[in-house]
Chemist: 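Structure in C-alpha cells, see below.
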Amino acid sequence: MKLSIEDTPPLAHRHIIGMRVDATSYEDATDRIITWSHQGVGRYVCAANVHMAMETHDSPEFARIVDRAELVTPDGMPLVWGLRALGIDTATRVCGPALTLSVCQAAAQRHVPIALYGGTPESLVAFTDFLVSKFPGIKIACQISPPFRELTPAEDTAYTEQLVASGARILFVGIGCPRQEIWMAKHQDRIPAVMLGVGAAFNFYSGRVKQAPLWMQRVGLEWFFRLLMEPRRLWKRYFKQNPRFIWLFLRQLLSAK
C-alpha cells in the first residue's frame with residue numbers, strides 16, 4: 001500500500017491508562033512516514049511501551065507531548081494486548097527498532113535522505129555501516145552523537161542547523177525515553193523532517209546491546225531479557241513501573257466493564 005499525501009486515513013486507537021496508542025502495522029506506519037517525509041513539515045512518531053505509558057501517567061506535560069505525536073505505535077506487547085482487550089482485535093506490535101529497518105528500506109528504495117541523532121560516535125559508525133550494507137543506496141545525510149548531558153543553547157542551535165542543512169527528511173532520534181520525545185516536540189517546528197523516537201535501535205543494530213530473541217518478544221518477555229543484560233540500569237524501572245501498569249490497566253478494564 002502506497003499512500004498519497006491526501007490519502008492518510010485516521011487510524012483506530014485507544015487510550016491505555018490515559019495514553020493514546022494507534023492500531024497500525026509496519027507497512028502502514030512506514031507508508032505514512034514516507035508520505036509525510038515528502039511534505040517538508042516537522043512531525044514526530046513515538047514507539048510506545050509500558051515505560052512510556054507510565055511516564056505519561058506520572059507527567060501530564062509529557063502526556064500532552066505524546067498525544068501531539070502524528071503516530072503512536074504499540075512498541076511493547078502489553079500495549080498490543082491492551083488494544084485487543086479494548087476492542088481492536090487486529091492490533092499488532094510495531095516496535096521502534098524493527099520500524100527503523102522498515103523505514104530505512106523504504107527510504108533507500110524511494111531515495112529519501114535520512115539522518116541519525118543519538119548514540120555514541122562508535123555506535124553511529126557501526127550502525128551506519130550496518131545500514132549501508134543492508135540497504136545499498138541509502139542516503140544518510142547527517143549523523144550526530146550529542147553529549148550525554150543537557151545541551152547548551154549554542155550546541156542545540158548548531159546541531160539543529162546541521163540537521164536542517166543536511167536536507168534529511170526522516171530523522172531517527174535515539175536518546176531514550178522520555179528525553180527523545182521531549183526533544184522531538186521541541187524541534188518539530190525547527191526541523192522539516194519526520195522524526196522517529198527509536199530508543200535503543202542504534203545500539204541493537206551496531207552490536208553494542210543484544211536484542212531479545214523473537215520468541216521472548218512475542219510473549220512479552222523482552223523487558224526480562226533486557227533486565228538480564230543491563231540489571232543495574234533497568235531494575236528500578238521495571239520493578240517500579242511494570243506492577244503499577246498492570247494494576248492501572250486492570251482498573252481501567254474493570255471501570256470500562
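Computed over heavy atoms, backbone and side chain alike; hydrogens, waters and symmetry mates excluded. Given the structure is predicted, the values throughout are model-derived calculations rather than measurements.
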Chemist: Of the non-hydrogen atoms in Gln143 and Leu124, which two are nearest, and what is the gap between them?
Modeler: OE1-O, 3.9 Å
Chemist: Using every non-hydrogen atom in the two residues, find where Pro113 and Ala141 come nearest and quote the distance to one decimal.
Modeler: CB-CB, 4.2 Å
Chemist: Closest heavy-atom contact between His51 and Cys177?
Modeler: CE1-O, 3.2 Å
Chemist: Looking only at heavy atoms, which two atoms of Ser166 and Cys142 are closest? And how far apart?
Modeler: CB-CB, 3.6 Å
Chemist: Are Leu99 and Val198 close enough that some pair of their side-chain heavy atoms sits under 4.5 Å apart?
Modeler: no
Chemist: Tell me the closest heavy-atom pair linking Leu11 and Ala23, and the distance in Å.
Modeler: CD2-O, 3.5 Å
Chemist: Calculate, to the nearest 0.5 Å, the distance between atoms CD and CD belonging to Glu61 and Glu55 respectively.
Modeler: 12.0 Å
Chemist: Could you give me the CA-CA distance, side-chain angles and deciding distance for Cys104 and Ile114, then say whether side chain to side chain contact (heavy atoms under 4.5 Å, CB included) is met?
Modeler: CA-CA 8 Å; Cys104 284; Ile114 71 165; 4.0 Å; yes
Chemist: Should Val80 and Leu71 be counted in the same cluster of Ile, Leu, Val, Met, Phe, Trp and Tyr side chains packed under 4.5 Å apart?
Modeler: no
Chemist: Is the shortest side-chain heavy-atom distance between Val66 and Arg20 below 4.5 Å?
Modeler: no
Chemist: In the structure I gave you, are the side-chain heavy atoms of Phe249 and Leu86 within less than 4.5 Å of one another anywhere?
Modeler: yes
Chemist: For the atom pair OH (Tyr159) and CG (Leu151), what is the distance rounded to the nearest 0.5 Å?
Modeler: 6.5 Å
Chemist: Please step through side chain to side chain contact (heavy atoms under 4.5 Å, CB included) for the pair Asp75 and Arg93, ending with a clear verdict.
Modeler: CA-CA 6 Å; Asp75 180 294; Arg93 187 182 186 209; 3.6 Å; yes
Chemist: Can you tell if the side chain of Phe148 reaches within under 4.5 Å of the side chain of Thr120, non-hydrogen atoms only?
Modeler: yes
Chemist: For Pro136 and Ala108, work out which heavy atoms get closest and say how close.
Modeler: O-CB, 4.4 Å
Chemist: Report yes or no: does Gln180 contribute a side-chain atom to a donor-acceptor pair with the main-chain N or O of Ile175 at less than 3.5 Å?
Modeler: yes
Chemist: Please determine whether residues Ile17 and Trp81 belong to a single hydrophobic cluster, defined as Ile, Leu, Val, Met, Phe, Trp and Tyr linked transitively by side-chain heavy-atom distances below 4.5 Å.
Modeler: no
Chemist: Please check if the side chain of Thr73 supplies one atom and the backbone of Val94 the other of a donor-acceptor pair under 3.5 Å.
Modeler: yes
Chemist: Could you grab the distance from atom CZ of Phe245 to atom CG of Leu79, nearest 0.5 Å is fine?
Modeler: 5.0 Å
Chemist: Please work out whether the ring planes of His15 and His13 are parallel, tilted or perpendicular, with thresholds of 30° and 60°.
Modeler: perpendicular
Chemist: Quick check on side-chain contact (heavy atoms from CB on, under 4.5 Å): which of Gln241, Met19, His57 does Met52 satisfy it with?
Modeler: Met19
Chemist: Indicate yes or no: at least one non-hydrogen side-chain atom of Met54 is less than 4.5 angstrom from one of Leu248.
Modeler: yes
Chemist: Roughly how far, to the nearest 0.5 Å, is NZ of Lys139 from CZ of Arg169?
Modeler: 10.0 Å
Chemist: Taking atom types as modelled, find out whether Ser102 and Thr30 have a side-chain donor-acceptor pair closer than 3.5 angstrom.
Modeler: yes
Chemist: Is there a chain of hydrophobic side chains (I, L, V, M, F, W, Y, each step under 4.5 Å between heavy atoms) that links Val41 to Val164?
Modeler: no
Chemist: Taking Gly119's backbone N and O only, do any of them form a donor-acceptor pair with Ser123's side chain (distance below 3.5 Å, no angle check)?
Modeler: no
Chemist: List in chain and number order the residues that pass side chain to side chain donor-acceptor pair (under 3.5 Å) with Asp58, two or more places apart in sequence or in another chain; answer none if no residue qualifies.
Modeler: Arg244
Chemist: Just so I know, are the side chains of Leu83 and Pro74 near enough to count as touching, which here means a heavy-atom distance under 4.5 Å?
Modeler: yes
Chemist: Please name the residue in the list Val132, Val125, Leu131 that meets the side-chain contact (heavy atoms from CB on, under 4.5 Å) test with Asp129.
Modeler: Val125
Chemist: If the plane angle is over 60° it's perpendicular, under 30° parallel, otherwise tilted; pick one for Tyr205 and Phe127.
Modeler: parallel
Chemist: Take Arg43 and Met195 through the test side chain to side chain contact (heavy atoms under 4.5 Å, CB included) and record every step on the way to the result.
Modeler: CA-CA 6 Å; Arg43 303 173 187 264; Met195 296 174 277; over 6 Å; no
Chemist: Could you check whether Arg149 pairs with Glu155 (Lys NZ or Arg NE/NH1/NH2 to Asp/Glu carboxylate O, under 4.0 Å)?
Modeler: yes
Chemist: With a 4.0 Å cut-off on N to O distance, would you call Asp22 and Arg32 a salt bridge?
Modeler: no
Chemist: Show your working on side chain to side chain contact (heavy atoms under 4.5 Å, CB included) between Asp156 and His187 and close with a plain yes or no.
Modeler: CA-CA 10 Å; Asp156 184 61; His187 292 76; 2.8 Å; yes
Chemist: Do Trp183 and Phe62 share a hydrophobic cluster (ILVMFWY, side-chain heavy atoms under 4.5 Å, transitive)?
Modeler: yes
Chemist: Report yes if some heavy atom in the side chain of Thr100 is under 4.5 Å from a heavy atom in the side chain of Leu196; otherwise report no.
Modeler: no
Chemist: Okay, side chain of Tyr44, backbone of Ile65: is any donor-acceptor separation there less than 3.5 Å?
Modeler: yes
Chemist: Distance only, no hydrogens: is a donor on one side chain within 3.5 Å (strictly under) of an acceptor on the other, for Thr160 and Thr157?
Modeler: no
Chemist: Would you indicate whether the side-chain heavy atoms of Asp67 and Thr56 approach each other to under 4.5 Å?
Modeler: no
Chemist: Please answer: with hydrophobic residues joined when any side-chain heavy atoms are less than 4.5 Å apart, are Tyr26 and Trp36 in the same cluster?
Modeler: yes
